[in-house]
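Heads up, the thing below is written out as structure tokens.
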Amino acid sequence: MSKKTHGIEDLIQFAMDVIRNSGEKALSYYGRGKPHIKFDENLVTEAELNLSKFFFRSAPFSFPGASCVQG
């Protein structure tokens with residue numbers, strides 16, 4: 001069985017897809033936002049937790065065998 005290798009173009013496309021999809025998901029939580037309203041930057045929101053899970057679940061589908069380090 002041959003192992004598919006990924007080039008930089010594949011990585012760029014993956015990143016762009018994840019960024020676009022994450023943005024769409026974030027809009028479902030935040031809407032267009034109200035820039036004049038400030039919030040506690042130390043607070044981790046439900047949206048951030050779900051977007052992080054989305055990313056770490058997306059990577060293995062595009063890059064099987066690759067490892068992601070969660071902080």
Euclidean distance, [Y] [atom2] relative to [X] [atom1], rounded to 0.5 Å:
X     : Y     : atom1 : atom2 : value
Ser28 : Asn50 : OG    : CG    : 9.0 Å
Ile12 : Ile8  : CD1   : CD1   : 4.5 Å
Leu51 : Glu24 : CG    : CD    : 11.5 Å

Subject >> Non-neighbouring partners of Glu9 that pass side chain to side chain contact (heavy atoms under 4.5 Å, CB included), sequence neighbours left out >> reply: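 Scan of Glu9 (side chain to side chain contact (heavy atoms under 4.5 Å, CB included), adjacent residues dropped) gives none.
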**OP:** Give a yes or no on whether the backbone of Thr45 and the side-chain of Glu48 come within a donor-acceptor separation of less than 3.5 Å.
**Re:** yes
Could you tabulate the donor-acceptor pairs under 3.5 Å formed by side-chain atoms of residues 53-60, not counting sequence neighbours?
unit_1 : atom_1 : unit_2 : atom_2 : d
Ser58  : OG     : Phe54  : O      : 2.7

